[in-house]
Amino acid sequence: MPVSAEDVAPSFARDVVPILKTRCVACHMSGAEPGKMSLVPAKAYAALVGAKSTVSPMVRIQPSVPERSYLLHKLEGTHVKAGGSGTRMPLGGAPLPADKIALIRNWIVAGAPNN
């Protein structure tokens with residue numbers, strides 16, 4: 001029986017990192033920028049998963065709990081309601097397409113594995 005895309009668990013390296021590289025890393029390189037996180041591939045996982053947000057009482061990514069993941073709120077534009085501040089991300093660009101946000105949400109639901 002063939003495996004469909006829906007049957008394949010989301011992967012940080014395969015699915016999330018390409019989004020970060022194309023839409024986030026230009027502004028979040030060193031970790032000195034607003035938000036204080038480096039999203040270059042070698043540092044992104046540690047900067048996101050379980051890491052406390054600098055502008056919200058939430059962590060950036062709470063494994064298995066997308067509604068408690070501040071990064072997802074920033075991408076969806078619901079961050080102010082969630083106790084955060086600032087603007088929707090990515091700053092100065094079009095919002096991420098719904099399918100990319102859904103992919104990040106599914107990765108979080110799957111436990112945000114470092115795979």
Side-chain angles (χ1 to χ4, degrees):
M1 180 176 225
V3 175
S4 72
E6 292 80 32
D7 295 332
V8 176
S11 162
F12 184 71
R14 182 190 66 232
D15 301 315
V16 178
V17 167
I19 297 169
L20 299 176
K21 284 170 68 173
T22 59
R23 299 298 304 273
C24 307
V25 81
C27 295
H28 293 282
M29 278 194 113
S30 70
E33 304 86 4
K36 306 289 185 222
M37 65 183 150
S38 173
L39 297 180
V40 296
K43 297 180 179 181
Y45 190 85
L48 292 172
V49 179
K52 174 122 178 44
S53 168
T54 60
V55 296
S56 162
M58 293 181 180
V59 295
R60 292 176 177 149
I61 297 291
Q62 177 67 50
S64 305
V65 191
E67 59 276 0
R68 299 273 312 135
S69 298
Y70 189 62
L71 176 74
L72 195 60
H73 285 285
K74 286 291 275 190
L75 297 174
E76 292 175 334
T78 58
H79 55 288
V80 174
K81 288 182 193 173
S85 63
T87 61
R88 182 178 184 158
M89 291 291 129
L91 181 65
L96 285 182
D99 65 322
K100 300 295 185 194
I101 293 173
L103 191 146
I104 293 170
R105 175 179 287 278
N106 291 339
W107 170 71
I108 294 168
V109 168
N114 189 6
N115 57 357

Drop me the distance from [X]'s [atom1] to [Y]'s [atom2], to the nearest 0.5 angstrom.
{"X": "Arg60", "Y": "Ser53", "atom1": "CZ", "atom2": "OG", "value": "6.0 Å"}
{"X": "Lys74", "Y": "Ser56", "atom1": "NZ", "atom2": "OG", "value": "9.5 Å"}
{"X": "Gln62", "Y": "Ile108", "atom1": "CD", "atom2": "CD1", "value": "9.5 Å"}
{"X": "Thr54", "Y": "Lys52", "atom1": "OG1", "atom2": "NZ", "value": "8.0 Å"}
{"X": "Leu96", "Y": "Leu75", "atom1": "CG", "atom2": "CG", "value": "5.0 Å"}

Which heavy atom of [X] sits nearest a heavy atom of [Y], and at what distance?
{"X": "Ser38", "Y": "Ala47", "answer": "O-CB, 3.4 Å"}
{"X": "Pro113", "Y": "Pro10", "answer": "CG-O, 4.2 Å"}
{"X": "Pro90", "Y": "Pro95", "answer": "CD-CA, 4.3 Å"}
{"X": "Gly86", "Y": "Val80", "answer": "O-CG2, 4.3 Å"}
{"X": "Arg88", "Y": "His79", "answer": "N-CE1, 3.4 Å"}

* Members sharing Val59's hydrophobic cluster (side chains within less than 4.5 Å) ->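 Reading the cluster by chain and number, Val59 sits alone, since nothing else belongs.
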Hydrophobic cluster identity match, [X] and [Y], side-chain contacts under 4.5 Å:
{"X": "Leu91", "Y": "Leu72", "value": "yes"}
{"X": "Val55", "Y": "Ile61", "value": "no"}
{"X": "Leu39", "Y": "Met89", "value": "yes"}

In residues 17-30, what donor-acceptor pairs under 3.5 Å come from side-chain atoms, sequence neighbours left out?
from, atom 1, to, atom 2, distance (Å)
Thr22, OG1, Pro18, O, 3.0
Thr22, OG1, Ile19, O, 3.4
Arg23, NH2, Ala94, O, 2.2
Ser30, OG, Ala32, N, 3.0
Ser30, OG, Glu33, OE2, 3.1

* May I ask you to decide if Gly31's main-chain N or O and Lys43's side chain share a donor-acceptor pair within less than 3.5 Å? =>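 Side chain of Lys43 to backbone of Gly31: no pair is present.
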* Beyond-backbone contact of Asn106 with Asp15, side-chain heavy atoms, under 4.5 angstrom ->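 No; the side chains remain at least 4.5 Å from each other.
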* Would you call Ser64 and Val109 a side-chain contact if the rule is heavy atoms closer than 4.5 Å? ->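 Counting from C-beta outward, Ser64 and Val109 never come under 4.5 Å.
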* Flag the pair Glu76 and Arg105 as a salt bridge only when some basic side-chain nitrogen lies within less than 4.0 angstrom of an acidic carboxylate oxygen. =>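 Yes, charged N to carboxylate O under 4.0 Å.
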* Contacts of type ring-ring contact (aromatic ring centres under 6.0 Å, His included), residue Phe12, not counting sequence neighbours ->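 Phe12 satisfies ring-ring contact (aromatic ring centres under 6.0 Å, His included) with Tyr45, Trp107 only.
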